[in-house]
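By convention in this document, chain letters (A, B, ...) are assigned in the order of the sequence lines, proteins followed by strands, and residues within each chain are numbered from 1.
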Amino acid sequence: MTIPVSSGSGSTEHDDQTSSLPEQYRVRREKRDRLLAEGREPYPVAVPVTHTIARVRAEHPDLEPGAETDDVVGVAGRVVHLRNTGKLCFVTLADGAGERLQVMLSLAEVGQEELDAFKSDVDLGDHVFAHGRVICSRRGELSVFADSWRLASKALRPLPTLHKESSEEARVRQRYLDLIARPVARDMVRVRSAVVRSIRSELHERGFTEVETPMLQTQHGGASARPFMTHMNAYDIDLYMRIAPELFLKRAVVGGIERVFELNRIFRNEGADSTHSPEFAMLESYEAYGDYMSVARLTRELVQAAAMAAFGTTAVTLADGTTYDVGGEWPQLDMYTVTSEAMGATITPDTPLAELLTHADVAGLKIDPKHVIEGKVAELLFEHYVGDHLHEPTFVLHYPVDTSPLVRAHRSRPGVVEKWDLYVRGFELATGYSELVDPVVQRQRFEAQALLAAKGDHDAMRVDEDFLEAMEHGMPPMGGMGMGLDRLLMALTGQGIRETILFPLVKPR
RNA sequence: GGGCCUCUAGCUCAACUGGUAGAGCAACGGACUUUUAAUCCGUGGGUUGUGGGUUCGAGCCCCACGGGGCCUACCA
């Protein structure tokens, strides 16, 4: 529903449409107009707050029921409950953190005029300021016994009922209401902030430098995914929104920023569901003279530190009430070995394509024609038989060469690369490589990708000449890691991706 | 992309086999000086997502479109 906005901030006139508004909207607009007409400000520029609600609570942890103090405070908050017994009103104010404090307004303390004004002016959802002594009600509720009050901001729309959760759609479309109503929603914001802060500080402690690389790119690369496209008017060129920061972070390493990371948004023009969002936050880090094993350790330490920072424990409690422990060492499984065991038939990097396709057939997998290459089929078999079932945090090692164009071949085992994927609760949380640093091999890999692209694979990379040129100037051996921040939040909280993102993209109505 | 479900008052939800669209909270009027989703008395509030169709009659049946959810395939 669209509510017409009256023109002119000081207007006290009704729009023609005002009379057609739902009753509750109309009543509140009329109150605003009446307050302005009476010279009472519905939106004062400031109110004299002296204490946060949390501070009042902290300074009076255990007042006895009926106790009074001489501490005079000024507090403000959103009205979330109103109870009126005639000559005494009880108001519950909530602050942004969800802390609540009761305000009591009595005829004896504020006088008839102010009490009547309060009753006629204040609605659920308004911001109200109250001034008075801190006391405790007879029923033991910490309260401010008001000697005066002021409207801090008049709400023109009613608060949704706080006794029931909003629909899932309303929760993401109007997150501000979700934050008011649902503590879990507020917690997520704080948990996410704590996790981000933890990751940054852990990396800084290890000597990493945070950089920001281009989001608008002339050539997308660094991952297999379809990009968003946009256009730059000044140069009249098409640009891609980045799908990964990898190729720029590696250029930074060439330039001597030997421990580098970026924690920011990337964009993928693909599906949106409970585990995928078109824009999501990605951490990538690269360390010169490291390899896939050193970044595996780093990744584990970052996840465990994040859990500690957000919850004070590595055994986190998920949304469904179960406990999930990310502590300790995490098992490392070899992809071909574990897939062979689960499947009951041995596959190796040398297994012919026809045989792999037979296995896929048995498994009931439909293989997209563009994916009919040995490594991709082997990977699909792994995901089918093993990947989705890996509940405990697990590193899966040694992927096929042909699906990992930026990873170096294993130092001793032919046909596989020095790569791991980290599985957590059945989904892929992070990936780590011993990065390919040989520019000649890298060119061959790019050319193989370009061939796939020519055959219609929108996810395939192109030959990135600028990146190759950087590489040809000498790239130190290094380990690299990428981790989806939203997925880390999902792993640590058990919530869906749209609950981990404050304002996820939703289709316009 | 495919399949299934769903959209009703400000919010959350009912409404039998097609027969006058209801409840809780919220709102409006009144009572009440210690309430905790206060209580009590009274009242109003609806283009049932949008557009067509069938029918004497549609919230309900049919078609199209739009939003949302779940399952499924793909990407993290």
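Spacing of C1' atoms, C41(B) relative to U36(B), comes out at 23 Å, to the nearest Å. For the C1' atom pair drawn from C71(B) and C11(B), the interatomic distance equals 29 Å after rounding to whole Å. Spacing of C1' atoms, C65(B) relative to A9(B), comes out at 25 Å, to the nearest Å. Of the P atoms belonging to G66(B) and G29(B), the separation is 44 Å, rounded to the nearest Å. As rounded to the nearest Å, A64(B) and U39(B) have P atoms that lie 48 Å from one another. Spacing between G67(B) and G30(B) at atom C1', rounded to whole Å, works out to 42 Å. G42(B) sits 28 Å from C16(B) when the P atoms are compared, rounded to a whole Å. Look at the C1' atom in both U20(B) and A15(B): the space between them is 13 Å, to the nearest Å.
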Exercise for review: Take nucleotides 28-33 of chain B nucleotide by nucleotide from the 5' end and write B, S or -, depending on whether a protein heavy atom sits under 4.0 Å from the base, only from the sugar-phosphate, or from neither.
Suggested key: S---BB
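Nearest nucleotide to the side chain of Arg83(A), out of A38(B), U12(B), G67(B): A38(B). Comparing C11(B), G69(B), U34(B) by their nearest atom to the side chain of Met104(A) picks out U34(B). Comparing G68(B), A37(B), A27(B) by their closest approach to the side chain of His163(A) singles out A37(B).
Electrostatic pairing of Glu169(A) and Arg498(A) does not count as a salt bridge here, judged by no charged N lying under 4.0 Å from a carboxylate O.
Rounded to whole angstrom, the span from the CD atom of Glu270(A) across to the C1' atom of G1(B) amounts to 14 Å. Glu499(A) has its CD atom 11 Å from the P atom of G69(B), to the nearest Å. Rounded to whole angstrom, the span from the CG atom of Leu159(A) across to the P atom of U12(B) amounts to 12 Å. Tyr25(A) has its OH atom 12 Å from the C1' atom of A27(B), to the nearest Å. The CG atom of Leu63(A) sits 15 Å away from the C1' atom of U34(B) (whole-angstrom rounding). Distance CD (Glu68(A)) to P (U34(B)): 14 Å, rounded to an integer number of Å. Per the geometry, CG belonging to Asp178(A) stands 17 Å off P belonging to G68(B), to the nearest Å. Between the CG atom of Leu505(A) and the P atom of G67(B) there is a distance of 12 Å, rounded to whole Å.
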Revision key, fill the gap. RNA chain B in dot-bracket form (Watson-Crick or G-U pairs under 3.5 Å, [ ] crossing, | inter-strand) is (((((((..((((.....[..)))).(((((.......))))).....(((((..]....))))))))))))....
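The shortest distance between the side-chain N/O atoms of Lys507(A) and the OP1/OP2 oxygens of G67(B) is below 4.0 Å.
Checking Thr403(A) against Glu379(A) by side-chain atom types alone, a donor-acceptor pair falls below 3.5 Å. Side-chain contact, Tyr292(A) with His398(A): a donor N or O sits under 3.5 Å from an acceptor N or O.
Remark: Lys419(A) qualifies as a cation-pi partner of Tyr399(A) under the 6.0 Å distance and 45° angle criteria applied to the six-membered ring.
Taking the six-membered ring where the residue is Trp, His81(A) and His163(A) present parallel rings, their angle staying beneath 30° rather than reaching 60°.
Tyr240(A) is linked by a ring pair (Phe, Tyr, Trp, His ring centres under 6.0 Å) to His220(A), counting only residues two or more places apart in sequence or in another chain. Applying the ring pair (Phe, Tyr, Trp, His ring centres under 6.0 Å) rule to Phe395(A) yields the partners Trp330(A), Trp420(A); only residues at least two apart in sequence or on another chain are considered. With sequence neighbours left out, Ala152(A) forms a side chain to side chain contact (heavy atoms under 4.5 Å, CB included) with Val47(A), His127(A).
Of the residues Arg28(A), Lys31(A), Arg34(A), the one that meets the salt bridge (charged side-chain N to carboxylate O under 4.0 Å, His left out) test with Asp121(A) is Arg34(A).
For the pair Thr92(A) and Leu429(A), both in contact range of RNA chain B, the more 5′-proximal nearest nucleotide belongs to Thr92(A). Along RNA chain B, the nucleotide nearest Phe90(A) and the nucleotide nearest Ala170(A) are compared for position; the residue whose nucleotide lies closer to the 5' end is Ala170(A).
Applying the ring pair (Phe, Tyr, Trp, His ring centres under 6.0 Å) test to residues at least two apart or on different chains, none of the pairs has a partner in residues 483-509 of chain A.
Heavy atoms of Ser277(A) sit under 4.0 angstrom from at least one base atom. If you check every strand for non-hydrogen atoms under 4.0 Å, Ser167(A) touches sugar and phosphate atoms only. Heavy atoms of Arg173(A) sit under 4.0 angstrom from primed sugar atoms or phosphate atoms, though from no base atom. Nucleic acid contact class of His81(A) (heavy atoms, under 4.0 Å, all strands): sugar-phosphate only. Arg498(A) comes within contact range of the sugar-phosphate backbone alone, with a heavy-atom separation under 4.0 Å but no base atom that close. Contact annotation for Phe280(A): base contact, defined as any heavy-atom pair under 4.0 Å involving a base atom. Glu165(A) comes within 4.0 angstrom of the backbone, heavy atoms only, and of no base. Among the protein residues, Leu82(A) comes within range of the sugar-phosphate backbone only, with heavy atoms under 4.0 Å from sugar or phosphate atoms but none that close to a base. Using a 4.0 Å heavy-atom criterion, one finds that Glu169(A) contacts the sugar-phosphate atoms exclusively. Using a 4.0 Å heavy-atom distance criterion, Leu124(A) is classed as a sugar-phosphate-only contact.
Annotation for Glu113(A): atom CD does not count as buried by contact number, only 12 or fewer foreign heavy atoms lying within 6.0 Å. Atom CG of Asp238(A) is surrounded by more than 12 heavy atoms from other residues, nucleotides or ligands within 6.0 Å.
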